[in-house]
Novice: 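Below you'll find the structure I mean.
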Amino acid sequence: MQQVWYADDAIATGSLRNLHIWWDKLVTVGPSYGYFVNAVKTWLITKEETPTKALDIFQDTQICITKEGKPHLGAALGTSSYIIEFVKAKVENGSLKLEQLASIANTQPHAAFSALTHSLASRWVNVARTIPNIGRLLQPLKEFLWTKLSLRKLAVQRPLIWRESYLLFLLGHTASSRPFKQDAKYGNEILQDQHCQN
């Protein structure tokens, strides 16, 4: 079994029995460290063939169980179809934000460039680095950057070569897949504790 923590968000992967043992320990030991689990905000993402088995093993908890997937820290965990829908929704939302940015760029190009480089781009980089093989799904964002939000609108006090290089850098990141290796032996069930998330 493997576990990863980010502040009070935990995620673990392993067999259903090992996850249940881990959960029981978390419930009993956690309070002495000031960590109080909230089962109704915890999700167990199972393999497609094991949700019934998971219901049996975790029947003594209030953990929510799904075989589809859930978002976790800006990425998506679950089936391929769930991940594709998650990324498509992110792209649709990103396209709306780029539309707004394009209208701002007409009158305030420096502010638009700053918003792109310091806010919006980092969101796409995070998605591209945490969800593998999604370059084709991000294509609408890349096309929008080149067409509607062109370098002409983002004419800032930098040489043109710098602006072109930076935009290529942004586009390259959004096209990349996650630079981390996936370990197939941990591709089983995932228990995600969203203790403080709504």
Side-chain angles (χ1 to χ4, degrees), residues 2-7 9-14 41-51 64-102 104-105 112-151 153-154 163-194 197-198:
Q2 293 284 316
Q3 62 179 317
V4 177
W5 288 78
Y6 181 79
D9 281 335
I11 189 168
T13 182
K41 289 187 175 182
T42 301
W43 284 87
L44 176 65
I45 304 169
T46 69
K47 293 178 185 177
E48 288 194 37
E49 63 273 6
T50 58
C64 306
I65 298 174
T66 181
K67 63 181 181 180
E68 297 301 317
K70 292 297 289 178
H72 181 69
L73 298 176
L77 302 171
T79 64
S80 296
S81 59
Y82 177 81
I83 291 170
I84 288 170
E85 290 307 313
F86 176 87
V87 173
K88 283 182 178 179
K90 287 267 188 194
V91 168
E92 188 175 313
N93 186 16
S95 296
L96 292 173
K97 295 206 182 303
L98 283 176
E99 288 280 355
Q100 295 170 338
L101 199 60
I104 292 169
F113 184 74
S114 293
L116 175 65
T117 58
H118 297 294
S119 179
L120 295 178
S122 63
R123 293 178 190 181
W124 304 322
V125 170
N126 180 57
V127 168
R129 286 187 170 184
T130 56
I131 305 174
N133 306 319
I134 60 167
R136 63 179 172 76
L137 296 173
L138 298 174
Q139 192 63 32
L141 291 176
K142 294 189 293 182
E143 288 173 5
F144 192 98
L145 283 171
W146 280 118
T147 58
K148 295 184 181 173
L149 194 63
S150 66
L151 288 170
K153 291 182 180 178
L154 297 179
R163 292 192 307 261
E164 288 177 349
S165 300
Y166 193 78
L167 198 51
L168 283 171
F169 168 76
L170 292 177
L171 293 174
H173 269 310
T174 59
S176 68
S177 62
R178 183 168 73 172
F180 308 108
K181 289 183 181 178
Q182 287 189 325
D183 193 339
K185 87 177 186 185
Y186 298 116
N188 41 16
E189 280 76 24
I190 298 168
L191 184 65
Q192 174 186 7
D193 178 21
Q194 296 178 322
Q197 295 181 4
N198 293 327

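Bear in mind that the values here come from a model prediction, so they are computed numbers and not experimental data. We use all heavy atoms of the structure for the numbers below, so side chains are in, but hydrogens, waters and symmetry mates are not.
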Novice: With rounding to the nearest 0.5 angstrom, report the CD1 to OG1 distance, Ile65 to Thr42.
Specialist: 11.5 Å
Novice: List the atom pairs, donor and acceptor, that lie under 3.5 Å between side-chain atoms in residues 75-96 and the rest of the protein, sequence neighbours left out.
Specialist:
residue, atom, partner, partner atom, Å
Thr79, OG1, Glu68, O, 3.3
Thr79, OG1, Ser81, OG, 3.3
Thr79, OG1, Tyr82, N, 3.1
Ser95, OG, Val91, O, 2.9

Novice: Check whether any side-chain heavy atom of Leu116 lies under 4.5 Å from a side-chain heavy atom of Leu98, and answer yes or no.
Specialist: yes
Novice: Lys47 and Lys67: which non-hydrogen atoms are nearest, and at how many Å?
Specialist: O-CB, 4.2 Å
Novice: Once you round to the nearest 0.5 Å, how far does CD1 of Ile11 lie from OG1 of Thr13?
Specialist: 7.5 Å
